[in-house]
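Please find one structure pasted underneath; my questions will follow.
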Number of protein chains: 2
Amino acid sequence: MEDEVDRLVAAWRRERPDLDVEPLEVLSRVSRLARHLDRARRLAFSEHQLEPWEFDVLTSLRRAGAPYQLSPGQLLTQTLVTSGTMTNRIDRLTKKGLVERLPDPSDRRGVLVRLTPEGRDRADEALAGLLAQERAILAQLSRAQRGELAALLRRLTAPFDNIPG
Amino acid sequence: MEDEVDRLVAAWRRERPDLDVEPLEVLSRVSRLARHLDRARRLAFSEHQLEPWEFDVLTSLRRAGAPYQLSPGQLLTQTLVTSGTMTNRIDRLTKKGLVERLPDPSDRRGVLVRLTPEGRDRADEALAGLLAQERAILAQLSRAQRGELAALLRRLTAPFDNIPG
DNA sequence: ATCAAGTTTCTTGATATCGAGTATCTCGAT
DNA sequence: ATCGAGATACTCGATATCAAGAAACTTGAT
């Protein structure tokens, strides 16, 4: 089946036959799919009164394991936002009672963000819902195809995740 | 090579061995890669004094072909933003002299957004830069792998792009 | 002709994000 | 001991986004 990127690439080949737009076949699809996923996630989380950004922070803490705490800096590398954004997110989650801020005992510059019991429950509930939704989206592919797709994507993400990025 | 999603999935398997988190292998990589690409694009465009959102609108008009005009509604489906956002974007691009608003002759509710000559030049310059950057990112994959990756992604984007979405 | 339903774009208010700069602290070298 | 470079989280102002609803218009049915 055709998608919007097929149309986009065809249009460029018509308008700019001098350019090789092959890269768009992959990377425009990645960007557009991510936006579609954002919308779908927003909808799925609204049942749990959670915003996508709240989910991202809470689950980062959740999968760190007991006692469910990370530094703001560690949260940055997981969520790919700036430090100003993370400060703001922690403030708002604290006000909602889903996380709390603790001083880092080993570094007085540092702070530890800890999940509250309610925050943990909310994260667990929302995760189950998200996985169900994502499974439905991925039903377009066989198990083997999903594995292949994951492996190909890893080759593109790894350089960003490992080098300073 | 390992990436952040490998670590994320391993953490979930440790913390929630009862859940099947396989969907994350694909979709978390898509979301994270898109964020990395956003950052990279922002950097690449700053040489041309363009923001990513400006590029998206200008190139949508550019590849529509002469006379380089589309309705705000058509721009919505290409850029996946809300109508309020698009109104605001058109306002700002108009102020910068890169697009202009014309009344739609066949529908008095409607508006046509047209690229100015300067807008067209800016779009063309920035596109060349973007393609160079994307080619570098995709050098991790062979030509055949890129084709495979594009085909697999198409299966996921097509339902969003064709059904109402 | 008129009306109801649907469309197209715009307005508005709340909110989230970024970037740049700042204050505090750590740590290794001297 | 002290200094300077680097790390860490935060502040602040500017800006972009979204959601919901309003305004203007079209279209098809009566």
Side-chain angles (χ1 to χ4, degrees), chain A residues 31 34-46 49-58 60 69-96 99-114 164-165, chain B residues 31 34-43 45-46 49-58 69-96 99-114 164-165:
Chain A
S31 294
R35 284 197 69 78
H36 285 304
L37 292 173
D38 260 2
R39 291 183 167 187
R41 292 206 313 162
R42 189 176 302 275
L43 218 73
F45 291 147
S46 66
Q49 268 91 47
L50 271 190
E51 301 283 328
W53 65 263
E54 295 178 295
F55 177 84
D56 286 342
V57 176
L58 296 181
S60 293
Q69 58 189 23
L70 291 173
S71 70
Q74 290 173 308
L75 288 170
L76 291 192
T77 71
Q78 302 231 351
T79 54
L80 299 177
V81 296
T82 62
S83 70
T85 296
M86 187 51 68
T87 297
N88 188 17
R89 287 184 176 187
I90 297 166
D91 286 348
R92 287 174 279 155
L93 287 170
T94 300
K95 247 173 244 160
K96 291 180 97 177
V99 308
E100 55 189 343
R101 248 189 268 249
L102 306 172
D104 182 339
S106 69
D107 185 337
R108 268 182 296 178
R109 289 170 304 185
V111 166
L112 289 176
V113 182
R114 174 143 68 186
Chain B
S31 294
R35 284 195 70 76
H36 285 305
L37 291 173
D38 260 1
R39 291 184 168 188
R41 292 205 312 162
R42 189 176 303 276
L43 217 72
F45 291 147
S46 66
Q49 268 91 45
L50 270 190
E51 302 283 327
W53 66 262
E54 294 177 298
F55 177 84
D56 286 341
V57 176
L58 296 181
Q69 58 190 23
L70 292 173
S71 70
Q74 290 173 308
L75 287 170
L76 291 193
T77 72
Q78 301 231 352
T79 54
L80 300 177
V81 297
T82 62
S83 69
T85 296
M86 188 51 67
T87 297
N88 188 17
R89 287 184 176 187
I90 297 166
D91 286 348
R92 286 175 279 153
L93 287 170
T94 301
K95 247 172 246 160
K96 291 180 96 176
V99 307
E100 54 189 343
R101 248 189 270 249
L102 307 172
D104 181 338
S106 68
D107 186 337
R108 268 182 296 177
R109 290 169 305 185
V111 166
L112 289 175
V113 182
R114 174 143 68 185

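Note that the structure is predicted; figures quoted are calculated from it, not measured. The figures here come from the full heavy-atom set of this structure, side chains too, leaving out hydrogens, waters and symmetry mates.
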Closest heavy-atom contact between Thr79(A) and Leu75(A)?
OG1-O, 2.7 Å
Take the protein atom NZ of Lys95(A) and the nucleotide atom C1' of dA14(C), then report the distance between them rounded to whole Å.
14 Å
Can you find a donor-acceptor pair, distance only, under 3.5 Å between Ser83(A) side chain and dC10(D) base?
yes
Given that Arg108(A) and Arg92(A) both sit by DNA chain C, which one's nearest nucleotide is further toward the 5' end?
Arg92(A)
Pick from Thr82(B), Thr87(B), Asn88(B): which one makes a side-chain contact (heavy atoms from CB on, under 4.5 Å) with Thr85(B)?
Thr82(B)
What integer distance in Å separates Asp91(A):CG from dC10(D):P?
7 Å
Shortest non-hydrogen separation from Ala34(A) to Ala34(B) and the atoms involved
CB-CB, 3.3 Å
Base, sugar-phosphate, or nothing for Asn88(A), non-hydrogen atoms under 4.0 angstrom?
base
Whole-Å distance separating the CG atom of Asp104(A) from the C1' atom of dA7(D)
13 Å
Could you check which of dC18(C), dT11(D), dT26(C) has an atom nearest any side-chain atom of Val81(A)?
dC18(C)
Does Arg42(B) place a side-chain N or O at less than 4.0 Å from the phosphate oxygens OP1/OP2 of dA16(D)?
no
Testing dC18(C), dC10(D), dT9(C) for proximity to the side chain of Arg101(A), the answer is dC10(D)
Euclidean distance, atom CD of residue Glu51(A) to atom P of dT17(D) [Å, nearest integer]
17 Å
Regarding Gly84(A), tell me which of base, sugar-phosphate or nothing describes its non-hydrogen contacts under 4.0 Å with the strands shown.
base
In this structure, how many angstroms lie between the P atom of dT17(C) and the CG atom of Leu80(A), rounded?
13 Å
The side chain of Val111(A) lies closest to which of these nucleotides: dA9(D), dT17(D), dT17(C)?
dA9(D)
Phosphate-side-chain proximity, Trp53(B) and dT17(D), N/O vs OP1/OP2 below 4.0 Å
no
Using every non-hydrogen atom in the two residues, find where Arg42(A) and Pro52(A) come nearest and quote the distance to one decimal.
CA-CG, 4.0 Å
Gap between atoms CG and C1', on Leu76(B) and dC18(D) respectively (whole Å)
13 Å
Met86(B) and Val81(B) have their tightest heavy-atom pair at CE-CG2, 3.8 Å
Between dC10(C), dA9(D), dT17(C), which one does the side chain of Thr85(A) approach most closely?
dT17(C)
Over how many whole Å does the gap from Lys96(B) atom NZ to dA16(D) atom C1' extend?
13 Å
Can you find an N or O donor on one side and an acceptor on the other, under 3.5 Å apart, linking the side chain of Arg109(B) with the base of dT7(C)?
yes
What integer distance in Å separates Asp38(B):CG from dA16(D):P?
15 Å
